[in-house]
Amino acid sequence: MQLDHELETAVFQAIQTAQKAGDLPSFDIPELKIERPREASHGDYASPVALGLARLARMAPLKIAQAIATHMPTLDYLGSVEVAPPGFINFRLAAPWLQQHVNTIIAEGQNYGRIHLGDGKKAQIECVSANPTGPIHIGRTRGGVMGDTLARAMRLAGYETVLEYYYNDAGRQVTMLGESTKLRYLQLLGQDITLEKDHYKGDYIIDIARELLEQHGDTLQEQSAEFFGDYAKERIAQSQKETLRRINIVFDVYYREQSLYETGKVWEALEALQEKGYVYKKDGAQWFKTTEFGDEKDRVLVKSTGEPTYRMPDIAYHWDKAQRGFDLVVDLFGPDHHATAPQVLMGVRALGYPTDFVRTILHQIITIIRDGIEVKMSTRAGTFVALDDVLDEVGADPIRYFMISRSGNSPIDFDLNLALEKSDKNPVYYIQNAHVRCAGIFRKWEEEGLDPDADATADLSLLTHENELAFIRKALELPELVELMVTTFEPHHITFYSYELAAVFHKAYETCRVLHSEVPEPLRLARLRFYRAAKQLFAHVLDLMGMSAPEVM
RNA sequence: GCGCCCUUAGCUCAGUGGAUUAGAGCGUCUGGCUACGAACCAGAAGGUCGGGAGUUCGACUCUCUCAGGGCGUACCA
C-alpha cells in the first residue's frame, strides 16, 4: 500500500464530507498533493492543499485546513491530524500500526514495496547495446546498470519488463572486425601483414585468431573476411554476456541487427518512408527529411555506396518496437547518442507511430580516477578501461552502486581507490554492513542454541524506541521510492534511499540491543522480530540495486 | 556557430512550486567500545543555492537573459 495515495483519497473524502456538512463551500476538488515534510516535527505526511483551495473556497487557508481535519475519515494507520499555520495539514502515523508493520515487512518479503502502477502493462528497457567488436568498456556500463536497476524497479511496480540488448552484428564494423581477425590469423601463420587505420587492434582479436588457428590449423587461409567476422562477433558477444553476468545484468533479449536485414525490415522501413514522401536523393545518397520534424538538417539514410547508415536499421528497430505492443519503451543512451536519439524517433513518427511511449534517457560520461588521477580513455587508441578489469579489481557491488550514485545528468568520477576502500568513506559497505549486523544477531542467537523462530509471536507493541519507529517509517518510503524511480526513470534515488535506510538502522542498532542481558525477554523477542524485518529489507533493497547482501564481511 | 547537460557547504553531490534554520556524504574539530561487528554512533563548525530580471500569495525548483564548465554536432556506430 502507498500511504501517500491512501491519504490523498482520504483528504478528498474529507473535503466532500465537509462540503455536505456545509463547512466548506462547494467547488470542484482539484488534484490533491500529499508530501513528506522535511521537518520531523511536522508529522509523517503533510498536505498544503488548503493553501491552494483558499482562492477557490474564498476562505482563509487555516479555516479550510480545520474543516478538512475535522472531517477526515477514521483510518487505522492514522494517529493524529493537526493543522498548522498558514494552513498545512499534518498527518502522523499511529504507533501501534507502525509496530505491526514489522510483520507486514516480513510477510511481504521480496514483494515489499510492490506498487500497481504498471500492472497489466508491458515495458521494454534497452541499454548497453554495444557493438560486438570488443569487450564491454566501463563507459557502457553506466547505462547497463541504470537500465537493469530500472528494470528491477519496474518489475516491482507491476510492469512485465523485457531487458533488451540491441546487438549491432551487421554493417561496416563487423566487416572491419572480420578483416582484422583474418589479418591477425594470417600474421600468426607468419605472414608479414600490417593492419590498417580502421582495423581493430586490440589484443582480444589476436586471442580469437589464435583460437581459430588451434581449432583449424592453417586451413582457413582461403576463407572470407565474413567467415572470420561471423566467428569473431559470436565469440565476442559470448564474452560480453559473460562480463555482464558478472555484474548481475542478464538480458532477456539480444535483438540482432542482422535479423532486421534477414526479415527485410530495414528495406521495408525505407520503402515506407519513401512512400510517405520523407526521402529524397542527393549526391547519390538517400536523405531523410528530418527537418520536417524540427531537425537542423536532413540526414542520410542510405550512403552513396548503397549501404544504409546506422540510422536506417535503428529506425527499423524502433519501428519494430512500436509494433511489438509495448506500453512503455525506455532507451538508455550514453553521451555519444545524445544527438542521434531524436532522429530515430523522427523516423518512427514518419512511419506513422506516436512516440510518446518511448522515453529516451540520456546519461553523461564517466571518468575513471586511479590514485587521484584521471585515466585517459580512447577507443581508437585502445586505451579504454574494460569492465572485466574493473570487476577483477573491485568486484561488482561497488561498480553497481557508484554507477547509479549520481543523477544521469551528472558526469561521474569513478574512483577505483574509493571503490576498494573498506572504510566509512565507502557507502557500499555502510549499507551492506547493516545487513551484516543483522546477520550477526541471528548467528549469535542460534549459536547460543535458542529457538530460531522464537520471535514469531513477539509482542510488537514493545517497539517503542524512537529509533525503531524511525526505521519503520523509512521502510514505508520504499513504495514511494519505487514510484519515483519508474515515473522519473531515475535510478539514482535508490542509492540515497538505501543509505538513509542504513543510517536510521545503525542508529537503532546502537540504541536498541537484543542479546544484552539487561534486555527483558519480551522486548528481546520483539527486537529480534524487528531485526528480522530489517535484515530482509536490506537484502531486498540491495537486490533491487543488483548487489549482494553478505552475511559477513 | 548550433544542440543537450551542468553551476547548491572546502570537496563530491541530493533536493517532486510550499511552513522560521536549504540537506547528505567526505574532509575539519570535539566526544563515545570489559555491550549482538567502532566497516558504527553522538555533537560542532561550514551556504548571498553562478549573476540579473520576470511569473506567483510563495522560487534552489518555472520563464527569459548573462557568465562559466562538460559533452555532442559524419554518407562512424
Send over the distance from [X] [atom1] to [N] [atom2], rounded to a whole Å.
{"X": "A:Tyr497", "N": "B:G15", "atom1": "OH", "atom2": "P", "value": "17 Å"}
{"X": "A:Arg406", "N": "B:U8", "atom1": "CZ", "atom2": "P", "value": "13 Å"}
{"X": "A:Arg437", "N": "B:A39", "atom1": "CZ", "atom2": "P", "value": "8 Å"}
{"X": "A:Gln286", "N": "B:C75", "atom1": "CD", "atom2": "P", "value": "15 Å"}
{"X": "A:Tyr531", "N": "B:C36", "atom1": "OH", "atom2": "C1'", "value": "9 Å"}
{"X": "A:His506", "N": "B:A42", "atom1": "NE2", "atom2": "P", "value": "11 Å"}
{"X": "A:Tyr509", "N": "B:A42", "atom1": "OH", "atom2": "P", "value": "15 Å"}

For [X], report the nucleic acid contact type (base, sugar-phosphate, nothing); a contact means any heavy atom under 4.0 Å.
{"X": "A:Ala285", "result": "base"}
{"X": "A:Ala439", "result": "nothing"}
{"X": "A:Thr309", "result": "sugar-phosphate"}

Can you tell me if [X] touches the phosphate of [N], counting only side-chain N or O atoms and a distance under 4.0 Å to OP1 or OP2?
{"X": "A:Lys507", "N": "B:C40", "result": "no"}
{"X": "A:Lys297", "N": "B:U73", "result": "no"}
{"X": "A:Asn409", "N": "B:C6", "result": "yes"}
{"X": "A:Tyr430", "N": "B:G37", "result": "no"}
{"X": "A:Ser410", "N": "B:A14", "result": "yes"}
{"X": "A:His492", "N": "B:G15", "result": "yes"}

(Q) I'd like to know if A:Asn90 reaches the base of B:A19 with its side chain, counting only an N/O donor and acceptor under 3.5 Å. (A) yes

Q. Is there a donor and acceptor pair closer than 3.5 Å between the side chain of A:Tyr310 and the base of B:A77?
A. yes

Q.
Applying salt bridge (Lys or Arg N to Asp or Glu O under 4.0 Å) as the test, list every pair that has at least one member in residues 435-450 of chain A; sequence neighbours left out.
A. A:Arg437-A:Glu510

Check the interface with nucleotides 1-4 of chain B: list each N/O to N/O pair with the protein under 3.5 Å, or write none.
from	atom 1	to	atom 2	distance (Å)
B:C2	O2'	A:Glu296	OE1	3.2

(Q) Just confirming the chi classification of B:C13, syn or anti, using 90° around 0 as the syn window. (A) anti

Any N/O pairs under 3.5 Å between the protein and nucleotides 20-27 of chain B? List them or say none.
none

Mind checking whether [X] and [Y] have ring centres under 6.0 Å apart?
{"X": "A:Tyr166", "Y": "A:Tyr317", "value": "yes"}
{"X": "A:Phe251", "Y": "A:Tyr254", "value": "yes"}
{"X": "A:Tyr278", "Y": "A:Phe293", "value": "yes"}

Q.
Closest-nucleotide mapping onto RNA chain B: is A:Arg140 or A:Ser47 further toward the 5' terminus? I mean the 5' end.
A. A:Ser47

Q. So which one's nearest nucleotide on RNA chain B is more toward 5', A:Val300 or A:Glu35?
A. A:Glu35

Please answer whether the main-chain N or O of [Y] pairs with a side-chain N or O of [X] as donor and acceptor at a distance below 3.5 Å.
{"X": "A:His506", "Y": "A:Leu501", "answer": "no"}
{"X": "A:Thr290", "Y": "A:Lys297", "answer": "yes"}
{"X": "A:Asn426", "Y": "A:Val428", "answer": "yes"}

Is there a side-chain contact between [X] and [Y] (heavy atoms, below 4.5 Å)?
{"X": "A:Thr511", "Y": "A:Glu466", "answer": "no"}
{"X": "A:His5", "Y": "A:Ile115", "answer": "no"}
{"X": "A:Tyr45", "Y": "A:Ile89", "answer": "no"}

Could you go through nucleotides 44-47 of chain B and list every protein N or O atom that sits under 3.5 Å from one of its N or O atoms, giving the distance for each pair?
none

Q) Residues two or more places apart in sequence or in another chain: which of them pass side chain to side chain contact (heavy atoms under 4.5 Å, CB included) with A:Thr133? A) A:Asn131, A:Gln173, A:Leu177, A:Tyr200

Q) Among all residues two or more places apart in sequence or in another chain, which pass the side chain to side chain contact (heavy atoms under 4.5 Å, CB included) test with A:Lys282? A) A:Tyr280, A:Trp287

(Q) Does A:Arg513 qualify as a cation-pi partner of A:Tyr509, given the criterion of NZ or CZ under 6.0 Å from the six-membered ring centre and within 45 degrees of its axis? (A) yes

